[in-house]
S.K.: 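Structure provided below as C-alpha cells; questions to follow.
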Amino acid sequence: MNLNLKATDQNTYDAIVIGSGISGGWAAKELTEKGLKTLVLERGRNIEHVKDYPTMNMNPWDFPNGDRVTPEEAKDYEKQMRTGYTIRESTKHWWVKDTEHPYGETKRFDWIRGYHVGGRSLLWGRQSYRLSEMDFAANKKEGVAVDWPIRYKDMAPWYDYVEEFAGISGQKEGLAQLPDGKFLPPMELNCVEKHVRDRVAEKFNDRILTIGRNANLTAPHKGRGKCQFRNLCMRGCPYGGYFSSNASTLPAAQATGNLTIRPFSIGKEIIYDKDTKKAKGVRIVDSQTKETIDYFAKIVFVNASCIPTTQILMQSANDIWEGGLGSSSGELGHNLMDHHFRLGARGRYDGFNDMYYKGRRANGIYIPRFRNLPGQAGTKKDYIRGFGYQGGASRTNWTRFVKEMTVGKPIKELVQEPGPWTMGMTGFGECLPYHENKMTLNRDVLDVDGMPTIVFDAEWKENELKMREDMMTSAAEILEAAGFKDVNTYNRMSYPGTGIHEMGTARMGRDPKTSVLNGFNQVWDAKNVFVTDGAAMTSAGCQNPSLTYMALTARAANHAVEELNKQNL
C-alpha cells in the first residue's frame, strides 16, 4: 500500500453507489463488471450471506412468546409494526427502531425500513412483474402528471437481461397488460387454485388467474440453490433460493475485484461543482465515529431507496438551489406514490377434501389487471388505471377449533385432519402521481445519527377510493363465480407506505422544467448523477415495481459507462 497517497487519492474511485439494496446491488454489479473501481456506501451494518442470517434455521418453538416481541420492545417499533408482519422475534434485527429514526406525518404514512448491506432485498415480497406499454404511455394518454421519457421497447431488452440473471419463475400468458418474460419453470397452482383458474376462464372474458411471477428459484441458477418451500424468506435464505443483493449481485461484483463496500456510511450530500455542473463525489458521516469523510468519483449512483435517495438530493448543493440538487424543476420530493392494498375478499370451498399440498410455497396466485384496458370498452370504470390480485388457496389447520368445544380423544382426532379449503384475494391498486403528495425535510428534528428527518404529507384521493370499492366487489364476484361459499369482502385500511413500494419523489421526464431525471435516469442538474430506485418512477402501474428498478439500473449503468468512455461525463 502506498502510504504517500493524498487523502483525495485514497478516497477516489471511478464510481460511487449509495445504497446496497435491489437497485444499488445491480448498480454495483454492472459498474464493476464494466471495469469501474466502485465504492458502495451503505448506511447500515455489514451483512454477509448465510453467516449473518441468525434465525434462518430456527423452529417456531425456538422463539419465546410465539415469535412476538415483548410489549417493552414493541415501544421501539411503533411505526415499523403497523404492517402487522414485519417485527417478529425472528426478524426484529432487520428493521430500524422508530425511537432512533423518527419521522413526521402531516397525514399518516407507514415508512417501513431496514438499514444494512442488502437493504430490503433481503426482505421483499419477491413478486416480479414488468410494466407494459400501457403503463408507460398512460400519463400522456390521460393528461396526468408528465409523460414517461421511455416506452416498453426501451425497457424490454433490460427486463430480459435482469430476469435472466435474477431468476424469475413464472408462466407465460400472452397478455399485453402483463408482458411475458424470461422465466424459470413456474411453481404449481394447487388443486383449488386450478379450479378457480378454470372457472375464471369460463365465466370472464377479460381476466385470467396465473401463478405469481416471483424471484424464488424453481431450479438451481447462477450458483444458487432452488427454493426449498420453507417460506422463511424474511429471515434470509441460506440456499440463495431467492434473489437478493447479498446472494446475487454483490457476490458478482465482488468477483470482479473492483468492488469496495463501506458499511456504517451515511450519505450526507452529493459534492457538487458549480463550475463543471457535475458531482465530484459524496460526503458521508461515519455512523460509528461520527467523522465526516469525502469520497470522489466520476459518476455517482444514488440508490438509497426512494425516500433516503431524495433526502440526500435535498441535502445537496443547497448553496445553488435552496431545495437541493435536482430541485430546479420544483418536483423534487413531490409525486410520492405507493400501491394501495389490504382489501379484497375471501371464501370457503366445499370440495377437494381428499387433496392437500406439499411444503410452504413462497408464492401465490396473480390475477393481472382487467380494468380500463385499451380497446376493451367493457372494462371501463368511473376511475382511471387499475389493479391486480394476489392471494392463494389453502386448507385450514387445527387453529380453526375453539378450545372449549371439545376435549380429549375427539379433539386429538380432529386436529389430525385438515379443515376446509379457503381462498383469499388481496387487491393491489395504482396510485396516481399527485404533486401535492410529498415529503419534506425537517432540519429541527434529527435522528440518532444527527441527520434531518422526513415529514410526509400524502393520501389516497378520489380515484383510489373509487378503485378500492371495485377491488372488493370484483374479488367477491370472482370467488362466487368459482363456487365459493361464505364469501366476505374485507378492508383492513391501507395508508401510503403500507405497501412498502415508495415511488416517485425524483421522477423521470422529458423536460428539466417538470422533472428531476432524464430518460437515462440522469439528474438534469448534474448529468453524472444517476437515480434508478423507486424515486425515479413517473407513474406506479399496479404491478410490484422492483423488477423495473433492476432494469432501469442496468440500462442506466450501461449508458453511464458508454458516456464515460466517450468522455461526456
Side-chain angles (χ1 to χ4, degrees), residues 19 21-27 29-30 119-121 124-139 145 147-168 170 175-183 212-215 243 245 249 301-303 305-306 309 335-339 366 368-369 385-386 388 390 428-431 433 499-509 515-521 530-559:
I22 280 179
S23 62
W26 267 102
K29 172 187 176 295
E30 295 303 299
R120 290 187 304 200
S121 77
W124 65 310
R126 305 167 307 284
Q127 293 293 295
S128 302
Y129 304 101
R130 298 184 179 201
L131 295 185
S132 69
E133 177 64 19
M134 175 181 70
D135 297 307
F136 288 110
N139 278 6
D147 186 19
W148 278 88
I150 55 176
R151 290 294 185 263
Y152 180 72
K153 63 181 176 58
D154 301 305
M155 292 291 289
W158 297 103
Y159 278 131
D160 287 352
Y161 179 75
V162 298
E163 285 169 343
E164 288 180 318
F165 180 82
I168 309 300
L175 300 175
Q177 70 269 35
L178 192 74
D180 293 328
K182 300 283 187 177
F183 296 142
R213 297 172 179 179
N214 82 333
F243 173 83
S245 296
T249 48
F301 271 67
V302 194
N303 296 92
S305 89
C306 178
T309 283
N335 314 295
L336 177 57
M337 298 174 286
D338 187 19
H339 290 125
Y366 191 63
R369 176 177 161 182
R385 312 294 167 94
Q390 298 177 33
F428 282 74
E430 180 169 356
C431 171
I500 320 184
H501 295 165
E502 311 95 82
M503 294 173 275
T505 49
R507 71 184 179 195
M508 299 172 71
S515 58
V516 179
L517 311 173
N518 71 9
F520 283 102
N521 297 82
F530 294 78
V531 174
T532 61
D533 58 19
M537 299 288 280
T538 311
S539 63
C542 65
Q543 304 92 313
N544 299 56
S546 294
L547 187 70
T548 298
Y549 306 165
M550 298 185 210
L552 284 172
T553 304
R555 179 176 178 268
N558 182 72
H559 179 74

S.K.: Would you indicate whether the side-chain heavy atoms of Phe136 and Lys153 approach each other to under 4.5 Å?
M.R.: no
S.K.: Determine whether Met550 and Thr249 make a side-chain contact, defined as any pair of heavy atoms from C-beta on separated by less than 4.5 Å.
M.R.: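 A side-chain contact under 4.5 Å is absent here.
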S.K.: Just verifying a value: how many Å separate Phe520 CZ and Phe530 CZ, rounded to the nearest 0.5 Å?
M.R.: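 Going from CZ on Phe520 over to CZ on Phe530, the span is 9.5 Å.
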S.K.: Would you name the heavy atoms of Ala554 and Glu30 that are closest together and state the gap between them?
M.R.: CA-CG, 4.0 Å
S.K.: At what distance, to the nearest 0.5 angstrom, does CG of Asp533 lie from CG of Asn521?
M.R.: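 Rounded to the nearest 0.5 Å, the CG-CG separation comes out at 9.5 Å.
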S.K.: If you look at every heavy atom in Gly25 and Ser245, which pair is closest and at what distance?
M.R.: CA-OG, 3.8 Å
S.K.: Tell me every residue that passes side-chain contact (heavy atoms from CB on, under 4.5 Å) with Ala551, counting only those two or more places apart in sequence or in another chain.
M.R.: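 Ala551 satisfies side-chain contact (heavy atoms from CB on, under 4.5 Å) with Met155, Trp158, Tyr159, Val162 only.
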S.K.: Work out which heavy atom in Leu336 is nearest to a heavy atom in Thr505; give both atom names and the distance.
M.R.: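 The pair with the smallest heavy-atom distance is CD1-CG2, 3.8 Å.
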S.K.: Of all the heavy-atom pairs spanning Cys542 and Phe428, show the shortest one and how long it is.
M.R.: CB-O, 3.6 Å
S.K.: What are the two closest non-hydrogen atoms of Gly509 and Pro149, and how far apart are they?
M.R.: O-CB, 3.4 Å
S.K.: Heavy atoms, side chains only, cut-off 4.5 Å: are Asp154 and Arg555 in contact?
M.R.: yes
S.K.: Can you tell me if Ser121 uses its side chain to pair, donor with acceptor, with the backbone of Gly119 under 3.5 Å?
M.R.: no
S.K.: Specify the closest pair of heavy atoms between Ser539 and Trp148, including all atoms of both residues, with the distance to one decimal.
M.R.: OG-NE1, 2.7 Å
S.K.: Rounded to the nearest 0.5 Å, what's the gap from OG on Ser546 to CG on Asn214? Could you check?
M.R.: 12.0 Å
S.K.: Applying side-chain contact (heavy atoms from CB on, under 4.5 Å), name anything that partners Asp180, two or more places apart in sequence or on another chain.
M.R.: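 With neighbours one apart ignored, the set is Lys172, Glu173, Phe183, Arg213.
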S.K.: Give a yes-or-no answer on whether the side chains of Tyr152 and Arg130 include a donor-acceptor pair shorter than 3.5 Å.
M.R.: yes
S.K.: May I ask you to decide if Gly541's main-chain N or O and Glu430's side chain share a donor-acceptor pair within less than 3.5 Å?
M.R.: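 Side chain of Glu430 to backbone of Gly541: a pair is present.
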S.K.: Would you sort out whether Leu517 and Met508 count as a side chain to side chain contact (heavy atoms under 4.5 Å, CB included), showing the intermediate values?
M.R.: CA-CA 4 Å; Leu517 311 173; Met508 299 172 71; 4.1 Å; yes
S.K.: Do Asn544 and His501 have side chains that approach each other closer than 4.5 Å (heavy atoms only, starting at C-beta)?
M.R.: yes
S.K.: Kindly indicate whether the side chain of Ser132, heavy atoms from C-beta on, has any atom under 4.5 Å from the side chain of Arg369.
M.R.: no
S.K.: Which value, rounded to the nearest 0.5 Å, describes the distance between Asp135 atom CG and Arg385 atom CZ?
M.R.: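 If I round to the nearest 0.5 Å, the distance is 8.0 Å.
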S.K.: Indicate yes or no for a side-chain donor-acceptor contact from Glu163 to the backbone of Ile168 under 3.5 Å, with no hydrogens or angles considered.
M.R.: no
S.K.: Would a 4.5 Å heavy-atom cut-off, applied to side chains only, mark His339 and Pro545 as touching?
M.R.: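 Result yes, sub-4.5 Å side-chain heavy-atom pair found.
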S.K.: When you look at Asn303 and Ser23, which way does the side chain to side chain donor-acceptor pair (under 3.5 Å) test go after all the steps?
M.R.: CA-CA 6 Å; Asn303 296 92; Ser23 62; 3.0 Å; yes
S.K.: Would you say the side chain of Leu131 lies within less than 4.5 Å of the side chain of Met537, judging by non-hydrogen atoms?
M.R.: yes
S.K.: Once rounded to the nearest 0.5 Å, what's the spacing between atom CD1 of Ile500 and atom OG of Ser305?
M.R.: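 Reported to 0.5 Å precision, the distance equals 11.0 Å.
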S.K.: I'd like to know whether the aromatic ring centres of Trp26 and Tyr549 sit less than 6.0 Å apart in this structure.
M.R.: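 Here the rings of Tyr549 and Trp26 have centres that are no less than 6.0 Å from each other.
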S.K.: So do Pro433 and Asn139 actually touch side chain to side chain, heavy atoms under 4.5 Å?
M.R.: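 Yes - at least one pair of side-chain heavy atoms lies under 4.5 Å apart.
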S.K.: Does the plane of the ring in Phe243 sit parallel, tilted or perpendicular to the ring in Phe165? Use 30° and 60° as the thresholds.
M.R.: perpendicular
S.K.: Hey, could you give me the OG1/CD1 distance between Thr538 and Ile150, rounded to the nearest 0.5 Å?
M.R.: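 The OG1 atom of Thr538 sits 7.0 Å away from the CD1 atom of Ile150.
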